[in-house]
Amino acid sequence: MGKVIVVTSGKGGVGKTTSSAALGAALARDGEKVVVVDFDVGLRNLDLVMGAERRVVYDLVNVIQGEAKLTQALIRDKRLETLYLLPASQTRDKDNLTAEGVETVIGALKQAFDWVICDSPAGIERGATLAMRHADIAIVVTNPEVSSVRDSDRIIGLLDSKTLKAEAGDRMEKHLLLTRYDPVRAQRGDMLKVDDVLEILSIPLLGIVPESMDVLRASNVGSPVTLADERSAPAVAYFDAARRLKGEALPIAIPGEKRGFFGKFFGRKVA
Amino acid sequence: MNLLRLFSRSQSAPAARERLQVLLAHERAAVGDSDLVTKLRDEILRAIAKHMQIDDEKVSVRMERGAKVSTLAVDIEIPFDTDKKAA
């Protein structure tokens with residue numbers, strides 16, 4: 001039985017789709033069987049970021065409405081054998097997602113894959129709540145910036161109340177993925193520091209992805225950043241985050257700070 | 001001139017941090033409270049309804065959060081002919 005992860009944030013443009021693709025590819029490169037599901041019905045983009053936009057025939061809504069089988073809608077990645085994409089519909093809207101339909105699809109995917117990564121749309125409406133509903137683990141993508149932190153706080157509240165896990169009285173496993181982190185600005189005192197965001201949101205840190213041209217470059221050519229240039233700083237950050245998801249206790253490096261501090265930081269904050 | 005500005009400008013991140021802490025403390029309380037206030041309202045209504053007839057619409061329950069003390073204001077309008085039922 002695979003694990004269901006929701007990649008969510010509340011705010012748009014913080015890096016949910018980039019992170020879904022990068023983490024999915026990182027896990028698949030280690031031989032794990034991964035499917036990334038685009039929940040952004042009406043505004044799909046995961047297909048584009050993964051370079052599969054011309055191979056979409058059927059989508060999530062087609063499967064939910066019984067117009068296509070799940071196996072017909074799944075697109076296998078051209079670079080990694082164990083990486084699959086379930087695209088969202090571009091022509092319909094979020095009302096076409098039904099709670100029962102999503103439950104059936106996620107249930108079937110869990111049987112066939114080790115990891116089901118749900119790329120949530122922005123906002124707190126239907127699409128976002130359905131994407132998180134069946135999750136075992138939530139990755140909250142946050143930028144070190146006031147509006148993103150506020151929206152993440154709101155999303156954390158929803159994860160703790162509106163998911164199946166929360167309703168059953170279980171604790172939802174939540175991780176913070178800090179993206180677009182700029183060490184120079186943080187050092188200068190003009191960007192919230194990692195410690196600040198962690199203290200405010202108080203959920204454990206999964207990784208810090210530095211702001212980088214490599215992310216844009218990878219999306220330009222339709223490749224997850226972890227496959228485009230696996231030695232680039234963001235790719236390394238995503239590979240490490242993927243290993244932490246699998247349960248490895250890797251220390252987290254804060255970009256721009258000295259090594260000695262990392263161990264201390266890791267021991268204190270990330271339990 | 002530009003260099004001067006760069007050095008004289010104070011850091012903005014501490015302000016961001018402080019504003020967020022204050023704001024989120026309020027927002028978290030507000031979300032939690034709306035549930036609490038609804039529950040309180042229901043229970044107060046039930047307790048009073050045992051003894052007198054009141055109009056659901058004429059009951060207001062408000063919670064106000066202060067830095068040190070919070071207040072709970074319950075405002076119930078009792079109609080004239082309540083005595084009949086109570087008697």
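You'll find the side chain of Val146(A) stays beyond 4.5 Å of the side chain of Leu23(B), heavy atoms only.
For the residue pair Pro14(B) and Gly189(A), the shortest heavy atom distance occurs at CD-O, 4.0 Å.
Chain A forms more heavy-atom pairs under 4.5 Å with one residue of Ala25(B), Ala15(B), Ala16(B) than with any other, namely Ala16(B).
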Between chain B and chain A, are any donor-acceptor pairs under 3.5 Å, and how far apart is each one to 0.1 Å?
from     : atom 1 : to        : atom 2 : distance (Å)
Arg9(B)  : NH2    : Asp190(A) : OD2    : 3.4
Gln11(B) : NE2    : Arg188(A) : O      : 3.3
Ser12(B) : N      : Gly189(A) : O      : 3.1
Ser12(B) : N      : Asp190(A) : OD1    : 3.0
Ser12(B) : OG     : Asp190(A) : OD1    : 2.8
Ala13(B) : N      : Gly189(A) : O      : 2.8
Arg17(B) : NH1    : Asp196(A) : OD1    : 2.5
Arg17(B) : NH1    : Glu199(A) : OE1    : 3.4
Arg17(B) : NH2    : Glu199(A) : OE1    : 3.2
Gln21(B) : NE2    : Glu199(A) : OE2    : 3.4
Glu27(B) : OE1    : Arg150(A) : NE     : 3.4
Glu27(B) : OE2    : Arg150(A) : NE     : 2.9
Glu27(B) : OE2    : Arg150(A) : NH2    : 2.5
Arg28(B) : NE     : Asp153(A) : OD1    : 2.9
Arg28(B) : NE     : Asp153(A) : OD2    : 3.2
Arg28(B) : NH2    : Asp153(A) : OD1    : 2.5
Arg28(B) : NH2    : Ile200(A) : O      : 2.8

